[in-house]
Amino acid sequence: MVSPLAAEALAPAASAPLPAVVVRGVTHRYGERIALDGVSFEVRPGEIFGLLGPNGSGKTTLFRLLSTLLGPQTGSISIQGFDAARETFAARRKIGVVFQAPSLDKKLTVLENLIHQGHLYGLGGADLKARADELLKRFGMADRAGERTEKLSGGQRRRVELAKGLLHRPEVLLLDEPSTGLDPGARRDLTAYLKDLSAKDGVTSLLTTHQMEEAEACDRLAILNQGQLVALDTPASLKAKIGGEVVTVTAGEPEALAKEIAEKFKLEVQALDGALRMEREDGHRLVAELGEAFPGRIETVRVGRPTLEDVFVRMTGRRFWEETKK
Amino acid sequence: MSGAFVLGTYTLAQRELVRFFRQRNRVSGALLQPIIFWVLFGAGLNASFRPARGGDDYMVYFFPGILVMILLFTAIFATVSVIEDRREGFLQSVLVAPVPRGAMVLGKLLGGTALAVLQGLVFMLLGLTQGIGYSAATFGAVLGAMLLLAFALTGLGFIFAWRMESTQGFHAIITVLLLPMWLLSGAFFPADGTHPVLYAVMQLNPLTYGTALMRHAMYLDPARTAAPGVPGPALALGVSAGFALLTFALSYRIAGTRVAGDLQ
């Protein structure tokens, strides 16, 4: 079950500081269905680590395990050196969790929400009040402290959620699809906050996402597909793994055409939602060749440098793509 | 560790109170309906109420029963907030916080208990209009009985609410289980003189002991409150305490399970 990739992820880098999060051989089932299948990776301290995966890839399950909402079945997770299963409370104090679904009490004010949260983490008194004020100021919410959270906009709530997650000075921040429901401006703000947290406080962020822009901003990305880790690297390296250019073709009869292109040009052709995508060093030349070879059968052609989306499609679009290549 | 337990319990219980008073319809609903019941049934049935053994008029007989009803309704609706907490997402952040599960359950139960007892106290004032007076001792006894029963009933509500995904489902539980449980507790009519099957059901109903406890606590005069089918003070207290412990234990246990709503 250990893929070469997992082994690579496990190998300790020379003289690296202690990892913030270690996930080792985690497998999780819901009844018969396997949601996670032998996932292992490490998150370095202070980095912004992205978990990228389509629905059903297991990233939500992984998030639940990391946040200790679920207990591990097989394998282990440790956070700042604390085992999530055996030292749950110690691990919990090290993590701040920002859920995808809102977690604020709407009937309480912004400040009251933070005070209750602080109490749950064992904070109290003047320290807690000062910390709450400091965070509200940092997120530009100081003037809304006395407002009930039901009256806030989506972006403002998200900022309060973030303040809530950071209240107890966690060393690791876990965020589940943090940009959901945010406009592009607020999304860029969020990325800036995370970078700032990393630079000033050394906070490690681990986030799940399906936004390419957000994934692009991560220091490293793990791509999950059908419960397995299929790639783990920096966005730049992931893109570099796809050589040359990506050509995307739409056509009337994609299946038949895919087979013919694959035979004629000796290429791997992926069919996805009626579009065919292929990679080649000189993609722009392939465009011309395709036009000559299949006159009238191609509707549109697009050629470009590989994006993270291409990486994502290549890694997750077809499960056995990697195997057929080998 | 124990500091985290106490602080966690306190903050969650306090939140229940704040939330309650910010929802005006809840404030009026939980207290008003039982009062209307008391006045209408009390006035309507007063003339035809002929207990097998004589005794109080119906308004007075019904009074401790209505007190139990207030505790039941408030406690139950307090735990319906478990469903709201889950739906609104608040619960998930409690589930990943470093507070013991016991503190989470106890916070909810004590919050609900406090709300129920507060409303019970308001209702106690109305008893004065019917010549129901309190000495320091009977007041203390009623307060104690209210605390114990409210805690037990909040626990009962919690057990049902934890796995429930909508408040509608909860209303079904109230109609088919909780309301009959109250009706058959000696709150509404005495067990004495009823059909043997009904009598047996009432003796098996744990709330019968709660209502009896409340009745005894009102007067602290066993000679006045003793009646066939009404458990004696010691038995009433023992069963009620056992019931409270049992519902708390089951609440604690069920809170350790994850339901579909936690995993959305």
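Only a predicted model underlies this, so the values are computations on that prediction, with no experimental measurement involved. Below, read A as the first sequence line, B as the second, and so on, with proteins coming before strands; counting in each chain starts at 1.
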Exercise. NZ of A:Lys106 to CZ of B:Arg22: how many Å apart, nearest 0.5 Å?
Worked result: 15.0 Å
Exercise. Between A:Ser103 and B:Gln92, which heavy-atom pair has the shortest distance, and what is it?
Worked result: CB-NE2, 3.7 Å
Problem set entry | Pairwise side-chain contact, A:Leu120 with B:Leu12, heavy-atom cut-off 4.5 Å (strictly under) | yes
For this session: Please answer whether the main-chain N or O of A:Leu70 pairs with a side-chain N or O of B:Arg258 as donor and acceptor at a distance below 3.5 Å.
Result: no
Exercise. At their closest point, which heavy atom of A:Tyr121 faces which heavy atom of B:Ala97, and how far apart are they?
Worked result: OH-CA, 3.6 Å
Problem set entry | Selection from B:Ser93, B:Gly8, B:Ala103 maximising heavy-atom pairs under 4.5 Å formed with chain A | B:Ser93
Exercise. Taking A:Lys107 as the fixed residue, which of B:Gln23, B:Glu88, B:Arg15 is the one that meets the side-chain contact (heavy atoms from CB on, under 4.5 Å) rule?
Worked result: B:Gln23
Seminar exercise, completed: Distance col, row A:Glu112:CD vs B:Thr11:OG1, nearest 0.5 angstrom, shows 10.0 Å
Exercise. Using non-hydrogen atoms and a limit below 4.5 Å, what part of residues 129-156 of chain A faces chain B?
Worked result: A:Arg148
Problem set entry | Flag if over 12 foreign heavy atoms under 6.0 Å of OH, B:Tyr134 | yes
Exercise. Should the heavy atoms of other residues, nucleotides or ligands under 6.0 Å from CZ of A:Arg29 be counted, would the total exceed 12?
Worked result: no
Exercise. Under a 4.5 Å heavy-atom cut-off, does chain B meet the side chain of A:Leu123, its backbone, both or neither?
Worked result: backbone
Seminar exercise, completed: Per-residue tally against chain B (heavy atom, under 4.5 Å) across A:Gly124, A:Ala91, A:Ala101 peaks at A:Ala101
Exercise. Can you say whether B:Val96 sits under 4.5 Å from chain A via the side chain, the backbone, both, or neither, judging by heavy atoms?
Worked result: both
Exercise. Does any heavy atom of chain B fall under 4.5 Å from the side chain of A:Leu104, the backbone, both, or neither of them?
Worked result: backbone
Seminar exercise, completed: Quick note, side chain to side chain donor-acceptor pair (under 3.5 Å) partners involving residues 68-78 of chain A, not counting sequence neighbours, are A:Thr68-A:Arg92
